[in-house]
A.B. asks: 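One structure, pasted below without further comment.
Note on naming: letters A, B, ... go to the chains in the order of the sequence lines (proteins, then strands), and numbering restarts at 1 for each one. These figures come from a predicted structure and were not determined experimentally.
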Amino acid sequence: MRFSRLLVPTTKETPNDATLASHIYLIRGGFIQSVGGSGLYNFLPLGKKVLDKVRAVVKEELDKAGCQEVSLSFVTPSSLWEESGRYEKYGKELLRFKDRKNNEFVLGPTHEEMMVNLVRQTVKSYKQLPLNLYQINLKFRDEIRPRFGLMRGREFLMKDGYSFHTSSEDMKREFDLMEKTYKKIFTRLGLEFRVVEADSGAIGGSGSKEFMVLADSGEDTIVVCEGCDYGANIEAAVAKPKSCDTDTEIKVVTMKALYDEGKTKYIGYMLPADIELQDVKACNAVGANDLVECEEQETVSMMVIDETLKSLQSGNELGAQEVYYADISSVSEGDSCAVCGGILRYTKGIEAGHIFQLGTQYSEPLGCTFLDENGKAQPMVMGTYGIGVSRLLAAIIEQNHDDKGCIWTKESAPFDLHIIISNIKDEAQLALGETLYEAMQKKGVDVLLDDRKDRFGAKMKDYELVGVPHAVVIGKKLSDGLVEFITRDGLIKEEISFNEILTLLTERF
RNA sequence: CGGAGUGUAGCGCAGUCUGGUAGCGCACCUGGUUUGGGACCAGGGGGUCGAAGGUUCGAGUCCUUUCACUCCGACCA
C-alpha cells in the first residue's frame with residue numbers, strides 16, 4: 001500500500017476526552033474514529049486491518065482446537081430472552097426495540113439464547129455431541145458509562161463460543177482445552193497475561209476463569225501470588241484463612257439485597273473486624289441481583305457469617321430468621337496464599353477473555369436436550385467462552401506503546417514493513433524505495449511505502465504513531481550508500497549499506 | 001442513577017459577564033519556495049453558534065424549556 005493513497009488521518013492533537021494511551025494513539029494514529037462520542041467507533045482502514053489480524057489469530061487457534069465458526073443474527077427476538085428469564089434480569093444494558101409490526105427484539109449483548117436455540121433445533125442425539133460453536137461478531141451493550149475508547153465501547157467485536165456436552169466431565173475437558181487454546185491466542189498476540197479465578201457474574205455458572213492482560217491502566221484488580229501461579233480477580237480471590245478464636249473482634253455489616261420484581265431483604269454480614277466485606281461474594285452468598293448500602297437495621301431477615309468464624313458463632317442470638325456460612329471476606333495485599341502460603345499482591349489487569357462452566361443453566365429452561373444411549377432426554381451440559389476482540393486492540397497498545405505512539409506486536413501489526421522515502425524529489429531515494437517496495441510485495445510481505453510529498457519529520461512522526469514493527473528509511477545518507485533499518489520497539493536504528501538492504505529484508509521477512 | 005462540566009467550521013478553542021452583522025490554531029484548496037524530526041510566504045473555501053420557544057429595533061450573548069456529550073462515583077468482554 002502507498003501511504004499517499006491510504007486513508008490515515010493522523011493528528012498532532014490528542015482528543016480531549018482521551019486519557020488512556022490506547023485511546024489516544026488509536027485515534028491519533030488514524031485507526032479509529034469516534035462516532036459522536038458515546039462509545040461508538042468507526043474502524044478506518046488501519047484499524048480494520050489490525051482488527052482482522054487479531055481476529056484471524058483467534059479464528060486459527062479455535063479452528064485448530066476443533067471449534068466451528070458460525071454467525072448468528074445480531075437482532076434477536078425478545079421471546080428467546082423471555083424463555084431464558086434474562087429479559088427481566090439483564091437490565092437496561094440490553095437494548096430493546098420494536099419493528100414495524102410491533103414485534104419486540106433485542107440487540108444481542110451475548111448470544112447464549114440464540115446459540116442454544118440453534119443447537120436445540122438441530123442436535124437431537126448424543127452421537128452429535130460434543131460440539132463447540134463460536135462466532136466473532138458485533139455485540140451491543142448499552143453501557144451506563146462507555147469510556148476509554150475501545151476498552152469500554154457500547155458496540156464491540158467479541159468472540160463468543162459455546163460448547164455442548166453429554167456430561168459435565170466432558171464439558172470440563174473442553175473447558176481445559178479452551179484455557180490452553182486461549183493461552184496460545186494471547187501468547188501469539190504478544191501479550192503478557194495471567195489466567196485468574198473469577199466470579200461468574202450475570203452470565204452465571206460455576207467455575208470461571210478470566211484472562212487478564214497485565215497493564216497499570218486495567219480496570220480490574222487481580223490478586224496474584226508471589227510464590228506460585230495462583231491468581232484471582234479480587235471479586236473471587238481467597239486467602240489462607242486467618243486463625244480466629246473467641247477473642248477475635250467481630251463486626252456486622254448490614255446491606256440491602258435486591259431481588260427480581262423489586263423485592264428487597266436486609267442482610268447482616270458477620271466477619272472479623274479487621275477484614276473488609278467483599279461485595280461480590282456477599283451478593284452471591286444470598287443469591288441477590290445487587291447489594292446496596294443501607295442504614296443499620298435492628299433486625300435482618302438473613303445473617304451470613306464468614307467461614308472463618310464457623311466454629312465460634314451461631315448467629316442465633318442476633319434474631320435472624322436464617323443463618324448461613326459463606327466466604328465473604330476480601331483479600332488484602334500481604335495475605336497468605338491458600339495454595340502455597342506465599343505472599344499475595346494486587347496488580348491491575350484488562351479482562352480480555354473469560355471462560356465459564358455453565359452446566360445446564362440455559363439448556364434446561366430453553367429445553368435444549370439430547371437423547372442418550374437409553375433414548376432418554378437429558379439437558380446438554382454447556383460451557384461458554386468469550387474474547388473481547390476489539391478490546392484486545394486497546395489491550396495490545398496499553399501494553400505496547402511509548403511516548404511517541406503505538407508499538408504493534410508481530411501478529412497484530414497493520415503492516416509488516418514500513419518504507420520511508422525521505423525526499424521523493426530525490427530520484428535515487430525514490431528509485432530505491434520503489435525497488436524495495438516491489439520486491440517485498442512480490443514476496444508477499446504486507447508493506448507500506450511512504451511516498452508522500454511531506455518532509456522527513458512529518459513522515460517519521462507518522463511512522464512512530466502508527467507503530468509498524470520495522471521500517472526502512474531511505475534518506476540523506478543514501479549519497480554515502482547507507483539506509484536505516486528501524487525497529488519500532490525501542491526505536492533501534494541500524495545503518496545498512498544500500499546494497500545489502502534487500503538481502504537483509506529478504507532474510508527477515 | 002448521584003455529583004461536576006461542556007455544546008460556536010472536520011478537530012481543538014476564544015467570543016457569552018457588559019446584546020450591535022462570526023473569530024483563532026490545526027486540517028483542507030490554489031500558486032511558489034523548502035526537504036533528516038510535525039516547513040515557510042501569498043491567496044482561498046468552509047458556520048441555520050446543540051434544539052425549541054420567549055424578551056428586544058436587534059440574540060452566539062439575556063430568560064424558559066429540552067436534547068446531547070464529557071468528567072468523577074456505583075455496574076461490565
A.B. asks: Across all strands, who's sitting opposite B/C71 as a Watson-Crick or G-U wobble pair, both distances under 3.5 Å?
C.D. replies: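 Check on B/C71: paired to B/G3, both distances under 3.5 Å.
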A.B. asks: Give a yes or no on whether a donor-acceptor pair under 3.5 Å exists between the nucleobase atoms of B/G37, that is its base, and the side chain of A/Lys493.
C.D. replies: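 Under the 3.5 Å cut-off, the side chain and the base do form a donor-acceptor pair.
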A.B. asks: Is there a donor and acceptor pair closer than 3.5 Å between the side chain of A/Arg28 and the base of B/G38?
C.D. replies: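 Indeed, a donor on one side and an acceptor on the other fall under 3.5 Å apart.
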A.B. asks: All N/O contacts under 3.5 Å from nucleotides 4-12 of chain B to the protein, with atom names and distances to one decimal?
C.D. replies:
| unit_1 | atom_1 | unit_2 | atom_2 | d |
| --- | --- | --- | --- | --- |
| B/G12 | O4' | A/Glu13 | OE1 | 3.2 |

A.B. asks: What residues form a salt bridge (Lys or Arg N to Asp or Glu O under 4.0 Å) with A/Lys425, not counting sequence neighbours?
C.D. replies: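 Not a single residue meets the salt bridge (Lys or Arg N to Asp or Glu O under 4.0 Å) criterion with A/Lys425.
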A.B. asks: Run the side chain to side chain donor-acceptor pair (under 3.5 Å) test against A/Lys53 and tell me which residues pass, sequence neighbours left out.
C.D. replies: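 By the side chain to side chain donor-acceptor pair (under 3.5 Å) rule, A/Lys53 matches no residue at all.
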A.B. asks: Residues two or more places apart in sequence or in another chain: which of them pass salt bridge (Lys or Arg N to Asp or Glu O under 4.0 Å) with A/Lys459?
C.D. replies: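 Applying salt bridge (Lys or Arg N to Asp or Glu O under 4.0 Å) to A/Lys459 gives none.
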A.B. asks: Which residue pairs pass the ring-ring contact (aromatic ring centres under 6.0 Å, His included) test with at least one member in residues 447-498 of chain A, sequence neighbours excluded?
C.D. replies: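 Found A/His418-A/Tyr463, A/His470-A/Phe485, A/His470-A/Phe509.
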A.B. asks: Is a donor-acceptor contact shorter than 3.5 angstrom present between the side chain of A/Asp454 and the base of B/G38?
C.D. replies: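 Side chain to base: no pair present.
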A.B. asks: Going by number, which of residues 41-62 of chain A have a non-hydrogen atom under 4.0 Å from RNA chain B?
C.D. replies: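 Residues of residues 41-62 of chain A under 4.0 Å from RNA chain B: none.
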A.B. asks: Counting side-chain heavy atoms from CB outward, which of B/C1, B/U34, B/A77 is closest to A/His354?
C.D. replies: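 For the A/His354 side chain, the nearest candidate turns out to be B/A77.
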A.B. asks: Once you round it to whole Å, what is the distance between P of B/U35 and CD1 of A/Ile420?
C.D. replies: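 Distance check: A/Ile420 CD1 to B/U35 P gives 19 Å.
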A.B. asks: Look at the side chain of A/Glu464 and the base of B/G37, then say whether one donor and one acceptor between them are separated by less than 3.5 Å.
C.D. replies: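 When only heavy-atom distances are counted, A/Glu464 does reach the base of B/G37 through a donor-acceptor pair under 3.5 Å.
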